[in-house]
Structures are given as C-alpha cells and as structure tokens.
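Okay, here's the structure, questions in a sec.
Numbered from 1 within each chain, the chains take letters A, B, ... in sequence-line order.
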Amino acid sequence: METFQSLLAKRLSDALAKAGLPNAGELTPATDRRFGDYQTNAALVLGKQRSENPQTLAERVIAQFDIGDLCEPPTVAGAGFINFTLRADAIAKKAGEVLRDERLGVARTKSTRTIVIDFGSPNVAKPMHVGHIRSTVLGDALARIAQFLGHEVIRDNHIGDWGTQFGMVIYGWKNLLDRQSLQRDPLAEIVRIYRETNERATRDPQVREACRQELVRLQAGDRENIDIWNECVAFSMQDFEHVYTLLDVHYDIQCGESFYNDRLPAVVERLLKSGIGEISEGAVVVFFRDQPELANKPCIVRKRDGGYNYATTDLATVDYRVNDLKADTVWYVVGAPQSLHFKQIFEIARREGYSADFRHITFGSILGEDRKLMKTRSGENVPLRGLLEEACKRARKIIEEKNPDLSEADKTDIAHKIGIGAVKYFDLSQYRMTDYIFSWEKMLSLQGNTAPYLQNAYVRIRSIFRKADESAPKIGKSRRRGDTDSSCGELILDDRAEINLAKRLCQFAEIVPQVLNDFRPNILANYLFELANSFHTFYEACPVLKSEEPARSSRLTLCDLTGRVLQRGLDLLGIKAPDKM
RNA sequence: GCGCCCGUAGCUCAGCCGGAUAGAGCAACGGAUUUCUAAUCCGUAGGUCGGAGGUUCGAAUCCUCCCGGGCGCGCCA
C-alpha cells in the first residue's frame, strides 16, 4: 500500500519529467490547513537553480500533473508553492485500504538490518531509579518500532554487574550484613551495607584498602567472593524483573559487564598489536591526535595497575555484537553525559575496522519541581519501583472518582494501564534531548497531550461497539477483519469531521517510519494526540449509533479503524489501551 | 580553558536536513451536556522564537560571535 505522500511524489516527478524539468525539492504535508493537504517547493528550488520565475515554472508543472482521482486541481500560491488538496472519495478509498491491511498501511522496510539496542542497563546492588526511565522506555519504544518496520532487533540489557563498587559490597557483606534484613528486603540491605561501607571507606584508609583487597580477590576468582557476588546479582535481578514486569519491557539477552571479563585481555593485546593503543605512564591508552575534538582526550583501556575499565568492556561488547550477534547496527540508548566516551569507543571501533553503524542515542534528564535533577527530599535517587507503584495508585484514585461502579479486578487492571501508560507517554511525547519536569498532575491529566487522553478516545470507541453489539449483534460480526461483506469498509465521508479523521488515519503510515530518522518517538506521540483529537471532534459532531444507514455503518467502520490505529500506535510506544476506564 | 546539549506564549512543550501570517496543551476568559463515557468539544486572549551580525527570493531552523543554564573532559562506571 502506498501513502498519499508517495503517490503524489511520484506524480510530481512524472509531471516534472513531462515538463522537461529535473526532479527537485520535496513533497511534504502542508504546513497549514489553508494550503491544502500536501505541498511542494519544487518550483521554488528549480526557479533558483535556473534563475527563472518560480510561479511560471509552477504553472508549467501543474499543466502536466496527472491528478487522476486523487486530488483537486493543484494551485500555485505564495512565491511558487504548489498545493494539493485530496478529494474526499480518494480519502475514503485509501482509508478502506488501510482498514483491510494488517499493518494499517505501514510498509515494511526494504533494507532489513540487524540492530542491537542497548538500553536500560541498571547497576547491580543499586535499585533502579527514576534516571532509568528514559533509557528503558525510549529504548523499548525504538525496539518495538524497528521491529514493526521489519528489522531484526536484539534487545540487550547491558547490566552494570562488575566494577569497583563490588569491593565495598563484599566488604560490607562480610562485616556488616544483617541476615534478617536480607531476607526481608534483600536489595535494601545490600544498598545499606554498600552505603555504610562507602562512608567508612571515605573516613578510614584501612577500610578503603580492605575493599580494594576484596575486589582483587573477586577478580582473581576467589570462591567465597564469587559466591557473594553471585548472590548480589541474583537479588538485583529479581528487583529488575519486578520493574520490567510492571513496565512490560522484555529483553532478548542480558549480557552484563561481567559477561565480557575473559575477553578483555584480548582487546588490549589487539590494540597494542595494531598500534592503535600505546603505553603511556604505565597504562594502555588510545590517543586521537588527528581528531581536533578528541585531541586532548585520550581513552584508557588498561589501567596502570593492570585492571580494565569500562572502555575496555565496551570495546569487547562491540566485538561480541558485531562478530557473534552479527549486528550491522548498534544503538546505545544512554544519557548524554557519556557522549565523549562513546565518541571514543566508536572511533576506536572504526580504526579497528568494525563497519557497523554505531549510534549513541542521547536524552536529557528528569527534573523535580525545583528544576534540579529529580531526587527525594533527603537528596537520594527516587526508586523506580515505588514511583511506578505510585503512578498506579494515583490512577486508581481517579478511576474511583470517575467510574466507581467498575469491578475490583477491572479497577486494578485499568489503574495499571493508565498509571504506567501515563509515565511512559509523558516521557515519550517530549523531544528526547530536552530535560523535563516530572509532574504527576500533568501526566495523569485527562486533558491535553497525555496517555489518559488517548486511552479515553480508545475507550469511547470500545464503548460504542459494546452498545452496538447489544442493539444489533450482527454489526459486531461484520466488522471482523477479512469479512468480504461489501457494506463493510465502504466509507462515506460527508461531514468535515469525518473527512479530517479519515485523513489522519491515512497518515499513520507516513508517520511511523519517520520516528527512526532521528529516533523521535515524540513524532508518533504527537500524531496519536492529533488523531485522538480528531476522533473526539468527530465523536461530538457525528452521532454513530443513532444515525441512519448508510452513515451508521460507515461511521462504525471509521471508529473501528481509529481504534485499531490508536491501539497499534500506543503499542508501538509500549502503552496499553484499556477497554473501559 | 576545551567540547557537547539546551534557551520558542505566564507555565509545560512541539516545530529545527531553510518555506507561506511560528503551533499545541495547561492556566485565564466565554460558550456547548435530558451523552454513543462532559474523563469531552467549540471559541477568545496571549510571542522582539535568549541577543547581535551573516548566508538568500525566504531563517525559530544554516554559519559566526556574545549572554544565560546543564553536562563532560587520563587511570569510577
């Protein structure tokens, strides 16, 4: 199925050829409703290239343009824009095609890639906190969208399960552990002993040294320390899994840092052998002397004491993903502060000859009402699990107010879908680079660009079909997919609100692929908001069940399609649509 | 010091590989409801796009400089 945009673009290029002109400019959605549905600046670009009058060129192009039954005769406007307005019957026809398409018109990509997406990546021995929302939610949405477009996606949780912090955890485990607390709330106890050890270590050099010794023993494979480490990892994983269940986020592999331990020496040897790495002040370092940006920013891959750091691990990870997982594309959904680090890693990988497409997908921070990094009152990170539970609790309270007659089970289920959806949508609906201020009130509002607003549009649709089934059961059946009844899928678009809604539905296929251009799910979120808005307008203006045939069936079909696009769109963002709310 | 990111309505944000008179939502004000869930819709008002130059038919968007905020820069991850 082709979108209006690609159809018009083809006809434009035909018209240009017939007018003896080369392809130029682009055909895009109109910037303003006044200008119709689509516009092209082709004549402006050509006018500039050949120093001719753009308006005259535009007229020449229009004269050759085969509008067929797609649109009204194009018009020239402004400095030389050509504007296109779709015909209602063309929209009805296209919407019918979308309706009969499993994929709602979204084309599969022509160049399938194998993409490893590195996102989430929490640290062991620390609970997940609010800072993990963006990476987790953004990475998951990108994974869903890439997969839907037909790419081979491998979701990888690069867990921070190795590193110097374990010296302290093990020291704390051996000296400060309270077994009962550990049984009650394992992660809380591990965090406690870690913090306490950390405090002691900053005061007491002897403790610091003891921690270092524990770390050395762990890295040397000491049985006892390995056992302790394993236990800590297991406890942390339980906590992560709980959060992932709440969020409905799942990974294909979870290769944490420790997974790469035995590959690290080879990385350094390789770098030394190829001359990319060199010894400097006892450490193995990669310099970037020819790159102004990195000239004074060397990358250490083996410390003076022989230990490895996270640059080494990330290089081993590159090798594993490219050579073992056969990835040709790797997306790192990691906060902006690490951009220097990834520049270095990507540059080293390039020098070593890895040709995969590496992207660091950065994002801004989540701020509290005080516009500073979001923290608890005592200045600590806000635990994610508690935050998500509170989202559900708050959603539940609103449900109790608005719809108290729902069953207990329904309330719990809906509160979960709304609460989690609200948190995710609030994040995804904003441009990923901007810092945003966390606000319960805004994300759970039923008005404006929020998850509940979109979910409500879906609920209204489901409600119509519940009513329709009661009054006329056969309509429920006839809207099944694959039904050959010709009355189904025939759209009659008379009202302005119907035309607008149908037009929006046709745009879904144009929007989804755009998200991956610059990794912006907010484009999709924005579209869904506009779709829900168009639906609500339609809902107010056009009675469905009370209207006469054939409008009634047509409107039911429109509702059905809107529901499916909303549901699919939300699903691509990792958000669920409840039937009632 | 060097580098990266951000600065758009009172508030929260879109728009940024150049396009027409810069858009939403919230808050404010004015309307619509014997409802297919008003959990909504329609309307009004609100702007030197941080500032100054430059590039051109055209700049919020591209380039340079400046101001303001955030972050990062050799042995943590």
Checking all strands, does Thr434(A) fall into the base, sugar-phosphate, or nothing category for heavy-atom contacts under 4.0 angstrom?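 Since only primed, P, OP1 and OP2 atoms lie under 4.0 Å of Thr434(A), the category is sugar-phosphate.
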
When the distance from CG of Leu531(A) to P of A24(B) is rounded to whole Å, what number comes out?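 My rounded result for the distance is 18 Å.
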
Rounded to the Å, how far apart are Arg432(A) CZ and C5(B) C1'? 11 Å

Can you see which heavy atom on Ala525(A) is nearest to which on Ser429(A), and at what distance? CB-CA, 3.7 Å

Out of C4(B), C13(B), A20(B), minimum distance to the side chain of Phe35(A) belongs to A20(B)

So what does Ile461(A) touch, heavy atoms closer than 4.0 Å: a base, only the sugar-phosphate, or nothing?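 Result for Ile461(A) = nothing.
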
Of the listed nucleotides U56(B), A14(B), U21(B), the one nearest the side chain of Lys48(A): U56(B)

In this structure, how many angstroms lie between the P atom of C26(B) and the NZ atom of Lys442(A), rounded? 11 Å

Check the pair Asp357(A) / Arg359(A) against salt bridge (charged side-chain N to carboxylate O under 4.0 Å, His left out), numbers first and verdict last. CA-CA 7 Å; Asp357(A) 180 21; Arg359(A) 297 293 176 95; 3.0 Å; yes

For atom CD of Glu441(A) and atom P of A27(B), their distance in whole Å: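 Answer to the nearest Å: 9 Å.
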
Within the 4.0 Å limit for protein heavy atoms, which parts of nucleotides 72-77 of chain B are touched? Write it as a string from 5' to 3', B for base, S for sugar-phosphate only, - for none. BBBBSB

Interatomic distance, Asn449(A) CG vs G23(B) C1' [rounded to whole Å]: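 Nearest whole value for this atom pair: 13 Å.
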
Between Phe81(A) and A20(B), do the rings stack, that is, sit under 5.5 Å apart with planes less than 30° off each other? yes

5'-most by nearest nucleotide on RNA chain B - Ala77(A) or Asp579(A):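 Looking at the nearest nucleotide for each, Ala77(A) comes out on the 5' side.
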
Would the distance check show the side chain of Gln39(A) and the main-chain N or O of Phe35(A) forming a donor-acceptor pair, the cut-off being under 3.5 Å?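 Here the side-chain-to-backbone pair does not exist.
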
Separation between CD1 of Ile511(A) and CZ of Arg504(A), rounded to the nearest 0.5 Å: 9.0 Å

Where the side chain of Lys402(A) is defined as all heavy atoms beyond and including C-beta, which of A24(B), C4(B), A39(B) is the nearest nucleotide?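 Within the option list, the nearest is A39(B).
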
Does Asn83(A) reach a base, just sugar-phosphate, or nothing at all? Heavy atoms under 4.0 Å. base

Can you identify which nucleotide, out of C42(B), G19(B), U12(B), has its nearest atom closest to the Thr537(A) side chain?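 Nearest to the side chain of Thr537(A) among the choices is C42(B).
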
How about Phe119(A) and His158(A): are their ring centres within less than 6.0 Å of each other? no

Using whole Å, what does the distance between atom C1' of nucleotide C13(B) and atom OH of Tyr527(A) come to?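 It is 21 Å, rounded to the nearest whole Å.
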
Look at all strands and tell whether Arg520(A) reaches a base, only sugar-phosphate, or nothing, counting heavy atoms closer than 4.0 Å. sugar-phosphate

What does Asn403(A) touch in the nucleic acid at a heavy-atom separation under 4.0 angstrom: a base, only the sugar-phosphate, or nothing? base

For the P atoms, the ones on G54(B) and on U44(B), what distance do you get once it is rounded to whole angstrom? 38 Å

Base, sugar-phosphate alone, or nothing: which one does Tyr539(A) contact when heavy atoms must sit under 4.0 Å apart?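 If one applies the 4.0 Å heavy-atom cut-off, Tyr539(A) turns out to touch a base.
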
Using atom CD of Gln447(A) as one end and atom P of C26(B) as the other, report the distance to the nearest whole Å.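 The answer, rounded to whole Å, is 6 Å.
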
Should the side chain of Asn41(A) and the base of G19(B) be counted as holding a donor-acceptor pair, with the cut-off at 3.5 Å?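 Result: at least one qualifying N/O pair found.
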
Using a distance-only test with no angle check, is there a side-chain donor-acceptor pair under 3.5 angstrom linking Asp427(A) and Tyr436(A)? yes

Candidates C41(B), U37(B), A14(B) - which lies nearest the side chain of His536(A):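 Looking only at heavy atoms from C-beta outward on His536(A), the closest nucleotide is C41(B).
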
As a test of reading the structure: which of G25(B), U37(B), A14(B) is closest to the side chain of Lys467(A), going by heavy atoms? U37(B)

Once Watson-Crick and G-U wobble pairs under 3.5 Å are found, how is RNA chain B written in dot-bracket notation, 5' to 3', with | for any base paired to another strand? (((((((..((((.....[...)))).(((((.......))))).....(((((..]....))))))))))))....

With the side chain of Met581(A) defined as its heavy atoms from C-beta on, choose the nearest nucleotide among G15(B), A39(B), A24(B).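 Minimum distance to the Met581(A) side chain belongs to A39(B).
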
Contact under 4.0 Å: Asn533(A) side-chain N or O vs C41(B) OP1/OP2: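 Yes, within the criterion.
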
Give a yes/no verdict on a cation-pi contact between Arg263(A) and Tyr260(A), requiring under 6.0 Å between NZ or CZ and the six-membered ring centre and an angle within 45° of the axis.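 Checked: cation-pi criterion not met.
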
Taking atom types as modelled, is there a side-chain donor on Ser258(A) or Asn261(A) under 3.5 Å from an acceptor on the other? no

Could you check, using the six-membered ring where one of them is a Trp, whether Tyr310(A) and His341(A) have ring centers closer than 6.0 angstrom? yes

Is the backbone of Tyr171(A) close enough, under 3.5 Å, to the side chain of Thr197(A) for a donor and an acceptor to pair up by distance?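 Looks like no, no N/O pair under 3.5 Å.
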
Assuming nearest nucleotide by heavy-atom distance, tell me which of Met433(A) and Gln39(A) is located more 5' along RNA chain B. Met433(A)

Pi-cation contact, Tyr458(A) with Arg462(A) (under 6.0 Å, within 45°): yes

Applying a 4.0 Å non-hydrogen cut-off, can you work out what Asp518(A) is touching in the nucleic acid: base, sugar-phosphate, or nothing? nothing

Atom-pair distance (CD on Gln344(A); C1' on G3(B)), nearest Å: 12 Å

